2 protein chains.
Amino acid sequence: MPERSTIYEVARQSGVSTATVSRVMGNGTGFSEATRTRVLAAAAELDWFPSGTARGLASRRNGIIGLLFPDLGSSDDLEVESPLYVDQVIRGAESAATADGDAVLIAATRGASGRALALAVASKCDGLVVVARALNESDLATLAQRVPVVVLSDQVGRRTNVDAVGVDNRSGLRGLVAHLTSVHGYTDLAFVGGPADSPDSIERFAAFRQGVAAAGLHAPRAPDADGGFTEGGGARAVADLLDRRSDQGRTPPRAIVCGNDEMAVGALGVLSSQHLHVPGDVAVTGFDDLAIARHVRPSLTTVAQPIREIGAEAVRAVVARLADGAAQRRSVVLPTRVVLRSSCGCTHGHGHRETAAGDEQQTSRAGSRA
Amino acid sequence: MPERSTIYEVARQSGVSTATVSRVMGNGTGFSEATRTRVLAAAAELDWFPSGTARGLASRRNGIIGLLFPDLGSSDDLEVESPLYVDQVIRGAESAATADGDAVLIAATRGASGRALALAVASKCDGLVVVARALNESDLATLAQRVPVVVLSDQVGRRTNVDAVGVDNRSGLRGLVAHLTSVHGYTDLAFVGGPADSPDSIERFAAFRQGVAAAGLHAPRAPDADGGFTEGGGARAVADLLDRRSDQGRTPPRAIVCGNDEMAVGALGVLSSQHLHVPGDVAVTGFDDLAIARHVRPSLTTVAQPIREIGAEAVRAVVARLADGAAQRRSVVLPTRVVLRSSCGCTHGHGHRETAAGDEQQTSRAGSRA
DNA sequence: TTGTAGGCGTTATCAT
DNA sequence: ATGATAACGCCTACAA
């Protein structure tokens with residue numbers, strides 16, 4: 001690395017002050033066209049461009065939005081590929097950030113070192129998006145009084161008094177359960193949830209109970225949960241569920257509602273290996289509507305949520321807060337939508353690219369609200 | 001936001017100099033335990049932690065590694081979900097970066113604004129990882145003389161004299177073609193490539209030709225390419241290929257080798273809708289070994305490449321360069337591996353989670369090299 | 001072990 | 001339209 005040149009060299013080389021160079025490089029105005037040309041020429045010649053770091057210090061604006069997410073990866077192959085959800089959030093955040101002229105700084109909070117990492121990231125950002133479970137609520141609050149923070153869970157946001165972006169888990173899942181009970185007439189439903197500390201999973205289970213109860217059926221008190229929102233997790237949970245039922249001399253549930261698509265895929269695998277036909281013997285549903293839901297056989301009935309949009313909306317919220325400052329807590333709840341395919345028992349075209357529902361399509365919408 | 005306090009307040013509050021506060025906050029040593037306690041207490045009380053930006057300016061180390069990737073998204077749903085490759089690279093980069101104590105700043109270079117965005121990002125980072133096609137080679141060179149850069153393509157790295165991380169596309173694809181020709185005896189193979197400017201796609205096609213020629217068969221001069229490494233792109237390319245063949249009064253190829261898994265999935269869809277059986281009528285293969293390759297039916301024979309590892313290795317390379325400084329260009333080539341499943345015509349267990357090959361498994365390895 | 005003081009590379013304020 | 005010149009918040013010799 002040759003000695004990096006600074007704004008001083010450029011100023012001298014172009015015969016103006018550093019202030020003027022700064023003006024030319026910034027979006028600002030306040031210089032003649034001739035000056036602009038000379039400065040740019042000098043910059044090009046010296047192969048210089050302004051230091052984002054110095055610029056950030058001086059202007060109190062780094063052009064960086066941080067994104068903290070929980071590290072769900074492990075060494076197990078099946079688990080590792082799992083966090084497609086986070087990948088989508090990252091994509092959405094990136095795109096909204098770029099639209100606003102800043103970049104996204106990502107970091108996974110691994111276990112105990114979470115707080116330190118979070119501080120390190122926060123200290124470089126103008127604002128922060130925090131995926132649910134990436135941070136405990138106390139640390140969340142700490143960060144929130146330093147930079148604008150938006151948490152990806154309406155629930156958590158409410159508790160910590162932090163801006164939030166979430167989805168309407170309840171409507172989605174209730175719609176799904178209503179479909180299973182009313183249209184297909186299933187009466188023995190089981191819920192296989194994700195991590196017990198996932199706000200989304202908790203909300204989905206609550207909605208599941210409501211839906212089941214609303215249909216006049218017996219609602220289980222706790223989900224058949226497992227450690228992860230993963231294919232492996234789903235497989236293990238369903239295997240356990242089946243074992244337990246078998247030990248009790250009971251038959252498998254008529255329908256298994258899973259916490260997300262990946263778990264549902266795991267469920268499909270276990271059921272298939274136990275020679276239980278889906279949806280003939282057991283119906284299965286997911287949540288998320290990832291690409292895999294279309295590709296797996298039978299194709300997966302699920303609840304779609306706009307994951308990329310969640311990430312994008314969160315960044316927009318941070319940016320808005322950056323501009324606004326005061327104003328009371330804001331919360332955005334994005335809509336979900338039931339997507340009917342084959343795994344619930346619906347039958348329709350099985351073309352490779354059939355998409356979504358038909359008659360029974362359900363849509364639940366909720367706008368943003370204060 | 002209440003007035004943020006600075007190192008000065010903390011110094012005063014704890015009765016030491018700012019230098020000492022700095023020492024306590026940095027990993028450094030050079031202070032008594034008692035001092036440390038007092039400083040930490042003051043920091044906690046004032047609810048202060050050091051500004052990463054200021055720290056970066058002063059220490060010339062931001063703790064940020066940049067990651068530039070091409071924006072392959074579009075508004076088309078099928079295309080949008082596509083860049084699973086990049087998602088994996090991001091994950092790998094993040095994990096290696098965190099291990100080294102820094103975070104990853106990501107940005108997608110969209111079209112013409114690419115250069116400006118790249119400079120903005122580079123000006124905030126200690127080093128940069130650039131995914132192939134994210135930047136033209138000229139801009140790549142510009143950045144490389146400012147911060148350490150590692151490009152994700154051995155080919156590009158060689159041309160621009162920049163450190164690189166790549167995979168052994170050739171061995172993988174040659175192994176695949178050898179399998180198709182020798183084991184299955186296919187003689188009419190077609191190649192459906194990705195974007196014409198993708199170094200990976202180019203290399204894979206070159207290897208395809210070699211492999212076909214080595215089997216004494218006629219090698220096409222150009223791939224049946226399409227705009228994107230996407231499911232939609234694969235579908236369109238294969239549909240075109242089939243149409244063209246049909247117009248010429250020819251039968252479909254006996255095997256279609258696709259540029260990546262997503263294109264292969266698109267191929268599967270088109271073939272199915274045209275009532276061509278895979279692998280009975282036409283064999284199909286992919287590249288990458290994404291999760292979807294296991295889930296799609298028939299399961300996809302493909303070439304595995306360690307995508308996450310690519311991202312991780314790239315970050316390690318820039319970190320190494322950060323420490324080293326001089327030293328000549330380095331290039332790491334990661335191994336690929338043929339993974340045999342059903343879509344090539346191999347038959348074996350169809351359990352939902354069957355993984356990879358059996359007898360015919362091929363492995364090609366290549367260590368790192370100067 | 002601790003303090004002093006001079007940067008780090010820009011931006012922003014106030015003049016001119 | 002342009003120039004001085006303080007910040008910006010911290011690190012790091014150099015001294016003590």
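Chain A is the first sequence line, chain B the second, and so forth, proteins listed ahead of strands; every chain is numbered from 1. Since this is a predicted model, take the numbers as computed values, not measurements.
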After noting the C-alpha distance and the side-chain angles of B:Val21 and B:Val16, does the key distance pass the side chain to side chain contact (heavy atoms under 4.5 Å, CB included) rule? CA-CA 7 Å; B:Val21 174; B:Val16 300; 3.7 Å; yes
Would you please confirm or rule out a distance under 4.0 Å between OP1 or OP2 of D:dC11 and any side-chain N or O of B:Ser22? yes
Do the side-chain N or O atoms of A:Thr20 get closer than 4.0 angstrom to the phosphate oxygens (OP1, OP2) of D:dG3?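 A:Thr20 to D:dG3 OP1/OP2: side-chain N or O found under 4.0 Å.
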Look at the side chain of A:Thr98 and the backbone N and O of A:Ser95, then say whether any donor-acceptor pair between them is shorter than 3.5 Å. no
Polar side-chain atom of A:Arg146 near backbone of B:Phe49 as donor-acceptor pair, under 3.5 Å: yes
Nearest to the side chain of [X] - [options]?
{"X": "B:Thr18", "options": "D:dG3, D:dC11, C:dG9", "value": "D:dC11"}
{"X": "A:Arg55", "options": "D:dC10, C:dG3, C:dT10", "value": "C:dT10"}
{"X": "B:Ala58", "options": "D:dT12, C:dG7, C:dT10", "value": "C:dG7"}
{"X": "A:Ser32", "options": "D:dC10, D:dA1, D:dC8", "value": "D:dA1"}
{"X": "A:Thr35", "options": "D:dT2, C:dG3, C:dG9", "value": "D:dT2"}
{"X": "A:Trp48", "options": "D:dA1, D:dC10, C:dT10", "value": "C:dT10"}
{"X": "A:Ser17", "options": "D:dC11, D:dA4, D:dC8", "value": "D:dA4"}
{"X": "B:Leu57", "options": "C:dC8, D:dC8, C:dT10", "value": "C:dC8"}
{"X": "B:Ala19", "options": "C:dT11, C:dT2, C:dG3", "value": "C:dG3"}

Whole angstrom value for the distance that separates [atom2] of [N] from [atom1] of [X]:
{"X": "B:Asn62", "N": "C:dC8", "atom1": "CG", "atom2": "C1'", "value": "11 Å"}
{"X": "B:Arg61", "N": "C:dG9", "atom1": "CZ", "atom2": "P", "value": "17 Å"}
{"X": "B:Ile7", "N": "D:dA7", "atom1": "CD1", "atom2": "C1'", "value": "16 Å"}
{"X": "B:Arg23", "N": "D:dC14", "atom1": "CZ", "atom2": "P", "value": "14 Å"}
{"X": "A:Arg38", "N": "D:dA1", "atom1": "CZ", "atom2": "P", "value": "14 Å"}
{"X": "B:Arg36", "N": "C:dT1", "atom1": "CZ", "atom2": "P", "value": "13 Å"}
{"X": "A:Tyr8", "N": "D:dA4", "atom1": "OH", "atom2": "P", "value": "12 Å"}
{"X": "A:Met25", "N": "C:dA12", "atom1": "CE", "atom2": "P", "value": "14 Å"}

With B:Val129 as reference, evaluate B:Val104, B:Leu68, B:Val318 under the side chain to side chain contact (heavy atoms under 4.5 Å, CB included) test and give the passing residue. B:Val318
Closer than 4.0 angstrom, basic N to acidic O: yes or no for B:Asp87 and B:Arg91? no
Could you tell me whether A:Gly15 contacts a base, only the sugar-phosphate backbone, or nothing, with contacts defined as non-hydrogen atoms closer than 4.0 Å?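 Sugar-phosphate, backbone atoms only, no base.
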Under 4.0 Å, counting only non-hydrogen atoms across every strand here, what does A:Val16 touch: a base, just sugar-phosphate, or nothing? sugar-phosphate
Approximate separation, where rounding is to 0.5 Å, of A:Phe69 CZ and A:Ile106 CD1: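 The CD1 atom of A:Ile106 is 5.0 Å from CZ of A:Phe69, to the nearest 0.5 Å.
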Side-chain donor/acceptor of A:Arg4 to base of C:dG9, under 3.5 Å: no
